[in-house]
Participant: 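My questions all concern the structure below.
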Amino acid sequence: MKKYTLLILILGLNINLFSQELEDILEKEAPDYSTTITGTFHGTRIMNGHSVETRKRGILEFLISHRFGRINSGIDDLFGLDDSNIRFGFEYAFTDDLTIALGRSSFEKTYDGYIKYRLLKQKTGEQDFPVSLTLFGSATEKTIKDYEPEDKPAFKDRLAYTSQILLARKFNSNFSFQIMPTYIHFNMVPTTNDPNDIFAVGFGTRIKISKRVSINGEYYYTINPFESIDTNNSLAIGVGIETGGHIFQLIFTNSRSMIEKGFIAETTGEFFNGDIHFGFNISRAFHLKKQKEKLY
Amino acid sequence: MKTYYFLLLTILFLNQTFSQDKYFTKEGYISFFSHSRVEDIKAENNHVLSIIDTTGEIAVQLLMRSFLFKKALMQEHFNDNYIESHKYPKAKFKGIILNFKELDEEINETRIIGVLSIHGINKEISTKAIINFQNEEIIITGEFTVEVVDFNIKIPSVVINNIAKTILITFELRHKLYIK
């Protein structure tokens, strides 16, 4: 009997060894794919500004953003809710890396267009790469008639341009951090003392508190702000909630504008004085094209 | 006593001989399908690795990120939220094709039993399969179902009606002789 047990044991052991051998062959033959890190941020915006994320090819994103008035405006304005401004934008992904968008803000009746290109992607595996890098460029045209009829500015005088390098790293599935060197050019500025070229650097983060809910923060430090208006650095803190094809963000910020040249260079609110605008971003993605076969 | 040792040695030796012959593929196909009242979701993977030896042992593995969905966002949610492929990049199966040595038709029906490992959870699987010996290929096809809950995959309440509780898995693995 003992001998049978021994036999069975050895046979069993043998089979186990064999399975291990088969698995070892699979491990050896498995191509060492570098894996691109996805989902550094939930959406294309951290809060006010852009994240490194772009949408996949063929996705049309419809983005509606709201900022109400200042919370410290009191009960008469229902803590800012009476005063609302809106931006809606259509943002189309021509490729996985290239998005072109058009938007319109009710604040100063501003039209904006941007191009966003995802140049480098964070990867693990054989070709390790530590960060994601996205280039962003936008042009905006202010169309509000805030001038005397005889003093009408030329089209080009109401243009402003923003260029950004978005550099981000997803440290782990719960923590991502981004740095955004920014250059803004105004074709026309309020007074001759004001710089036409404004430089700023932004910092943004996402801290996930569950699979679908995150705390986001974003801060832009303006190096050479306008002289004639009393501006502040833009700060935004909020919550992001992702549900299927929707992304919903609740925001508290001292900026009224939702476009880069506005919130980076022209923020007048002082966050810690209570000049806080409550707002939200809602994004809905529409799939206009099916995915192509792609090897990871 | 001697007889036993002889038997033992013979079996060991036999096994060694058999182990020379292995059949292998890098381009196996596995898909899964979820049907619900709201929508049907299908994902396909054409880069499945599978190997069998002449004793009927089989080992299969695939990269979760190689599953292709019709909608890019679904794929993103599948990887990031449900299957957590950053933590569990691979699905693996290790098992035995029953009566493999006795299969002598061109097309045979048999059963494969083994352990499926997804999302860090091991689960015993037993499924019918068709073994087809054709042009020096060994083609294994079949389908089976798994319960989402068995693999500790949490589906949030907002999409609970979009994703089936039972997922149908279909496989087609065309093995060719493995040359080292």
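Order of the sequence lines sets the chain letters (A, B, ...), proteins ahead of strands, with each chain counted from 1.
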Participant: Non-hydrogen atoms of chain B under 4.5 Å away: do they reach the side chain of A:Thr38, the backbone, both or neither?
Facilitator: both
Participant: With a 4.5 angstrom heavy-atom cut-off, could you sort out which part of B:Glu44 is near chain A: side chain, backbone, both or neither?
Facilitator: neither
Participant: Of all residues at least two apart in sequence or in a different chain, which pass the ring-ring contact (aromatic ring centres under 6.0 Å, His included) check with A:Tyr117?
Facilitator: none
Participant: Which ring-ring contact (aromatic ring centres under 6.0 Å, His included) pairs, counting each pair once, include a residue from residues 40-61 of chain A, with sequence neighbours left out?
Facilitator: A:His50-A:Tyr114, A:His50-A:Phe136
Participant: Is B:Gln61 in contact with chain A via its backbone, its side chain, both, or neither, using a 4.5 Å heavy-atom distance?
Facilitator: both
Participant: Check whether B:Asp80 gets within reach of chain A through its side chain, its backbone, both or neither, counting any heavy atom under 4.5 Å.
Facilitator: side chain
Participant: Evaluate B:Phe24 against B:His175 for ring-ring contact (aromatic ring centres under 6.0 Å, His included), listing each step before the verdict.
Facilitator: CA-CA 5 Å; B:Phe24 172 75; B:His175 304 80; 8.2 Å; no
Participant: With respect to A:Asn281, which candidate in A:Arg87, A:Arg67, A:Arg45 satisfies the side chain to side chain donor-acceptor pair (under 3.5 Å) definition?
Facilitator: A:Arg67
Participant: Can you confirm whether more than 12 heavy atoms, excluding those of B:Gln134, are under 6.0 Å from its CD atom?
Facilitator: yes
Participant: Check whether B:Ser85 gets within reach of chain A through its side chain, its backbone, both or neither, counting any heavy atom under 4.5 Å.
Facilitator: neither
Participant: Using non-hydrogen atoms and a 4.5 Å limit, figure out which bit of B:Lys87 sits close to chain A: side chain, backbone, both or neither.
Facilitator: neither
